[in-house]
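Report on the following structure.
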Amino acid sequence: EAVSLAGITETPVVIVMGQRPGPATGMPTWTEQGDLLFILHAGHGEFPKILLAPGDMDEAYKLTIEAFNLADKYQTPVFIMADKYLLEGHQSIEKFKIQSSKFKIDRGKLLTQEELLKISNYKRYQITDDGISPRAIPGMKGSLHQANSYEHVEDGHTTEDAAERIKQVDKRNRKAATYLRDDAKLPQLYGKSDMPLTVISWGSMKGPVLAAMEDFPDRFNFLHFSHIWPLPKEKLTQTLKSLKNTLLVENNSTGQLGQIINMVTGVEIKNKLLKYSGRPIYPEEVLEKVEKLTSPHSLSY
Amino acid sequence: MNNQIDLAFDGYFPTWCPGCGNFGIWAALKTAFTNLGFTPESIAVIFGIGCSGNMNDFLWADSFHALHGRAIPNAIGVKIANHKLPVVAIVGDGDCYGEGGNHLIHAARGNHDITEGATFVAQGFSGDINHLTTLIEQGIKHRGFSLVNVFQPCVTFNPESSYAWYRERIYKLGDDYNSGDKKIALEKAMEVETKIPVGVIYKEERLTYTESLLQLAQNSLVEGRLEIDMEKFIAEFV
């Protein structure tokens with residue numbers, strides 16, 4: 001409910017999703033990457049959402065700051081996809097990586113009182129080219145508006161008018177296009193280029209895969225998704241089609257990232273290593289599967 | 001009392017049924033806000049969903065039109081973000097007492113300083129606008145969670161409980177009524193069949209939620225700085 005509400009009232013919000021095995025109570029003290037599609041579709045109705053998935057402590061720190069900046073910039077819900085393995089894991093990182101002077105807090109189009117006073121007839125849901133309206137907060141002079149869960153016109157008043165509805169839907173959807181133009185990130189490639197096999201994974205499985213790659217640096221490389229939605233379709237399709245062979249590695253039973261990739265690019269990743277026992281994937285399991293896929297009989301050249 | 005309502009609070013003309021009790025409540029709210037010296041931008045009003053919630057378009061202020069039953073959590077959020085803002089939640093019975101019941105209980109327990117219920121409980125009648133206005137003003141001035149339960153006729157869906165029906169039963173609590181006694185208040189609250197008391201049923205002073213938070217002693221959250229010194233935070237891990 002609240003996600004959908006934030007979508008239409010255009011309220012910046014960051015939500016950390018700590019995944020454990022479901023469904024329902026499931027295994028609450030174990031780990032899984034089983035809620036990606038659930039979160040992608042969280043909240044009824046159509047509105048832009050941003051999904052980030054940190055792979056280690058460094059990304060957990062950086063992407064949280066980025067999440068707040070993105071939420072403020074796009075005035076829409078931003079999810080940080082985590083899981084018990086990440087959230088209750090311990091890792092040491094270099095101190096300089098988290099010294100705050102490197103990161104900037106960016107509040108997007110949040111108006112100061114001075115800026116607001118210069119605007120006559122302020123409209124909270126003003127139609128703009130990038131879909132993002134200047135934002136005032138209650139209590140400021142000149143801020144008068146309503147954040148409305150009902151469909152609304154530019155100043156927040158309720159509407160059921162067809163033309164006005166179309167304007168606001170287009171405006172909200174336009175924010176996703178702006179994100180794709182300005183902020184969308186492609187997955188990060190780790191390891192040597194031009195390998196016979198590329199492992200594709202997301203979020204906290206970064207650790208186990210990188211550990212496996214230390215043993216087999218010449219057999220595979222690793223495409224890691226820390227930014228999962230929205231996805232830049234053309235660039236991603238190009239990247240995937242350039243790979244010789246791929247292995248989807250996910251801590252769930254239905255390969256949810258694989259489904260999202262297929263939906264966006266049309267590329268289906270046939271080889272899969274899916275683990276859903278409540279335990280995270282172990283490097284040994286990655287090595288075993290890579291071994292099978294890259295042994296002399298299975299290599300196709 | 002000043003009977004000039006600040007027209008700035010007017011939104012669209014209401015779509016309520018002629019004779020709806022909400023007209024009286026609407027007038028009382030606008031009058032109370034004007035008397036207390038508020039402007040539409042100096043308060044936060046949170047609406048629920050329903051006929052009462054439809055006031056979102058008719059009473060114009062810095063406002064949030066929340067989901068069914070969820071006005072209170074949103075109001076609490078607004079208050080915590082900026083506890084210097086007066087916050088009023090305008091809700092209906094199905095909205096607040098039905099779907100939103102659990103939120104009402106916890107807001108009262110936490111004594112969140114939003115006008116809707118608990119350390120201050122009053123009952124009013126939409127047909128007596130002047131009296132209702134004073135109750136709303138008192139509720140807003142009260143430091144803590146205040147509930148003003150308003151009886152109103154619904155001419156369309158409940159014509160039996162008409163203005164006449166209410167006028168036969170409603171009586172004002174006198175000056176000798178002790179609003180500090182919870183036991184008596186509970187008894188009064190149970191009077192709904194043959195007589196209905198209006199006025200301040202119960203009132204007590206207790207620390208509000210935001211008053212008890214050290215972090216808000218100097219500034220509201222909205223005024224506070226966002227940057228923190230990470231060195232202090234990571235010191236224990238190094």
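The shown structure was predicted, so the numbers you read here are calculated from the model rather than taken from an experiment. Within every chain, numbering begins at 1; the chains are lettered A, B, ... in the order of the sequence lines, protein sequences first and strands thereafter.
- Lys95(A) is listed as a side-chain neighbour of Glu231(B), based on a closest heavy-atom distance under 4.5 Å.
- Within 6.0 Å of NZ on Lys141(A) lie no more than 12 heavy atoms contributed by other residues, nucleotides or ligands.
- Among Pro86(B), Ala81(B), Ser42(B), Ala61(B), the residue with the largest count of heavy-atom pairs under 4.5 Å with chain A is Ala61(B).
- Among the residues in residues 35-45 of chain A, none has a non-hydrogen atom closer than 4.5 angstrom to a non-hydrogen atom of chain B.
- Proximity to chain A (any heavy atom under 4.5 Å) is restricted, for Val222(B), to the side chain, taken from C-beta onward.
- Of the atoms belonging to Ile105(A), it is side-chain heavy atoms, and not backbone ones, that fall under 4.5 Å from chain B.
- Atom CZ of Arg279(A) has more than 12 neighbouring heavy atoms from other residues, nucleotides or ligands inside a 6.0 Å radius.
- Nearest heavy atoms, Ser143(A) versus Asp62(B): OG-OD2, 2.7 Å.
- Here the closest non-hydrogen pair linking Ser149(A) and Ala66(B) is OG-O, 3.4 Å.
- Within a 6.0 Å sphere centred on OH of Tyr150(A), other residues, nucleotides and ligands contribute 12 heavy atoms or fewer.
- Below 4.5 Å, heavy atoms of chain B meet heavy atoms from Thr9(A), Thr11(A), all part of residues 7-18 of chain A.
- Heavy-atom distances place no part of Ile46(B) under 4.5 Å from chain A, backbone and side chain included.
- The backbone N or O of Asn56(B) lies less than 3.5 Å from a partner atom in the side chain of Gln146(A), making a donor-acceptor pair.
- With a 4.5 angstrom heavy-atom cutoff, Ile234(B) touches chain A only via side-chain atoms.
- Looking at Asn54(B), neither its backbone nor its side chain comes within 4.5 Å of chain A, counting heavy atoms on both sides.
- Within 6.0 Å of CD on Glu211(B) lie more than 12 heavy atoms contributed by other residues, nucleotides or ligands.
- Interface residue Phe47(B): only side-chain heavy atoms are found under 4.5 Å from chain A.
- Heavy-atom contacts from other residues, nucleotides or ligands closer than 6.0 Å to OH of Tyr209(B) number 12 or fewer.
- Two residues are said to be in side-chain contact when any heavy atoms from C-beta on lie closer than 4.5 Å; Ser4(A) and Leu67(B) fail this criterion.
- Taking both residues in full, the closest heavy atoms of Leu144(A) and Pro40(B) are given as CD1-CB, 3.6 Å, listed atom of the first, atom of the second, then distance.
- Of the listed residues Phe237(B), Tyr12(B), Phe233(B), the one with more heavy-atom pairs under 4.5 angstrom with chain A than any other is Tyr12(B).
- Heavy-atom neighbours of Asp182(A) CG from other residues, nucleotides or ligands within 6.0 Å: above the threshold of 12.
- Taking both residues in full, the closest heavy atoms of Leu85(B) and Gly139(A) are given as CD2-CA, 3.8 Å, listed atom of the first, atom of the second, then distance.
- Judged by distance alone, the side chain of Glu41(B) and the main-chain N or O of Gly142(A) form a donor-acceptor pair under 3.5 Å.
- Contacts of Arg124(A) with chain B are absent, with no heavy-atom separation under 4.5 Å from either backbone or side chain.
- Of the two parts of Asn82(B), only the side chain, counted from C-beta on, holds a non-hydrogen atom closer than 4.5 Å to a non-hydrogen atom of chain A.
- Using a 4.5 Å cut-off on side-chain heavy atoms (C-beta onward), Leu5(A) and Arg70(B) make no contact.
- Other residues, nucleotides and ligands place more than 12 heavy atoms under 6.0 Å from the CD atom of Gln91(A).
- Of the possible donor and acceptor atoms, none in the side chain of Asn148(A) sits under 3.5 Å from a partner among the backbone N and O of Phe64(B).
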